[in-house]
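A quick write-up on the structure given underneath.
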Amino acid sequence: ICFVVTKSFLLTCCLPIFLMGMRYYFSRKVILHYLDCALHTDMSDIEQYYMKPPGSCFWVAVLDGNVVGIVAARGNEEDNTVELVRMSVDSNYRGKGIAKALGRKVLEFAMLNNYSSVVLGTTAVKMAAHKLYESLGFKHVGVVEHYALPGMTRSLLERMFFQVRYHRYRLQLREE
């Protein structure tokens with residue numbers, strides 16, 4: 001279509017490169033802004049956000065003296081659920097069962113504290129993350145299209161070149 005409209009072979013070849021560059025730019029911008037927001041909110045004061053509130057906790061996986069993974073749990077007394085948040089494993093240590101062990105720690109915490117279910121949300125595009133949650137017993141309960149990460153401006157260009165699907169999962173531990 002570009003060639004038919006412009007009659008320019010050069011422009012036709014450059015347009016996909018330009019579009020991929022814009023996608024890369026906005027993806028990187030959004031992700032870096034999201035990380036900056038996280039590092040200036042809950043991750044800047046883990047004790048305040050995850051250790052002091054009742055029903056919340058934070059775990060660190062250490063292997064050979066190195067931090068290789070983290071996960072947090074945040075309790076919600078209103079609906080008697082605990083949310084699994086901030087699960088992350090160093091890319092050099094993925095595939096070694098660390099994420100599964102961290103997930104199990106949150107499930108154990110939820111059962112010990114009599115929560116009825118564990119919930120989580122993820123923007124992960126890698127199927128390995130979704131398979132991990134399902135292997136822990138979580139059921140996929142929905143997708144939010146065009147999800148806005150904290151720090152997104154939702155500008156027209158950002159919406160054109162970066163869209164996020166937010167997947168929700170739930171594991172029912174006991175009936176209320």
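Only heavy atoms go into these numbers, but all of them, side chains included; no hydrogens, no water, no symmetry mates. Throughout, numbering of the chain's residues begins at 1 and tracks the sequence.
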With a 4.5 Å cut-off on side-chain heavy-atom distances among I, L, V, M, F, W and Y, is there a chain of contacts connecting [X] to [Y]?
{"X": "M111", "Y": "Y133", "result": "yes"}
{"X": "L15", "Y": "L157", "result": "yes"}
{"X": "I70", "Y": "L132", "result": "no"}
{"X": "F18", "Y": "F26", "result": "yes"}
{"X": "L173", "Y": "L84", "result": "yes"}

For [Y], does its backbone N or O pair with a side-chain atom of [X] as donor and acceptor, under 3.5 Å?
{"X": "R94", "Y": "V89", "value": "yes"}
{"X": "E83", "Y": "V85", "value": "no"}
{"X": "N76", "Y": "E78", "value": "yes"}
{"X": "R168", "Y": "V141", "value": "no"}
{"X": "T12", "Y": "F3", "value": "yes"}
{"X": "N113", "Y": "Y115", "value": "no"}
{"X": "T123", "Y": "V164", "value": "no"}

Heavy-atom distance under 4.5 Å between the side chains of [X] and [Y], does that happen here?
{"X": "L149", "Y": "H33", "answer": "no"}
{"X": "L156", "Y": "R159", "answer": "yes"}
{"X": "F109", "Y": "W59", "answer": "yes"}
{"X": "L63", "Y": "Y93", "answer": "yes"}
{"X": "T153", "Y": "K29", "answer": "yes"}
{"X": "Q172", "Y": "K139", "answer": "no"}

For residues [X] and [Y], report the shortest heavy-atom separation together with the two atoms involved.
{"X": "L102", "Y": "A61", "value": "CD2-CB, 4.1 Å"}
{"X": "L136", "Y": "G103", "value": "CD1-CA, 3.9 Å"}
{"X": "V106", "Y": "A73", "value": "CG1-CB, 4.1 Å"}
{"X": "R170", "Y": "S117", "value": "NH2-OG, 2.9 Å"}

Gap separating the CD1 atom of I31 from the CE atom of M152, nearest 0.5 angstrom
10.0 Å
Find the distance between CG (D90) and CG (N92) and round it off to the nearest 0.5 Å.
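Those atoms lie 4.5 Å apart.
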For K105, enumerate each residue passing the salt bridge (charged side-chain N to carboxylate O under 4.0 Å, His left out) test, keeping only those at least two apart in sequence or located in another chain.
E108
Looking just at side-chain N and O atoms, do H167 and H140 make a donor-acceptor pair shorter than 3.5 Å?
yes
Any donor-acceptor N or O pair under 3.5 Å, side chains S56, R74
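There is no such pair between these side chains.
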With side chain to side chain contact (heavy atoms under 4.5 Å, CB included) as the test, would you mind laying out the steps for L19 and F161 before giving the verdict?
CA-CA 8 Å; L19 292 173; F161 292 106; 3.9 Å; yes
Would you call the rings of Y147 and Y166 parallel, tilted or perpendicular, taking 30° and 60° as the class edges?
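Plane angle under 30°, so parallel.
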Begin with the C-alpha distance, continue with both residues' side-chain angles, and end with the deciding distance and a verdict on side chain to side chain contact (heavy atoms under 4.5 Å, CB included) for M43 and F58.
CA-CA 11 Å; M43 296 307 289; F58 191 90; 4.1 Å; yes
Could you give all pairs that pass the side chain to side chain donor-acceptor pair (under 3.5 Å) test and reach residues 39-53, with sequence neighbours left out?
D36-H40, D42-Y50, D42-R86
V119 and Y169: side chain to side chain contact (heavy atoms under 4.5 Å, CB included), yes or no, with the steps?
CA-CA 6 Å; V119 297; Y169 285 87; over 6 Å; no
Dump the intermediate steps for side chain to side chain contact (heavy atoms under 4.5 Å, CB included) on R154 and H146, then the final yes or no.
CA-CA 10 Å; R154 304 293 294 153; H146 309 293; 4.2 Å; yes
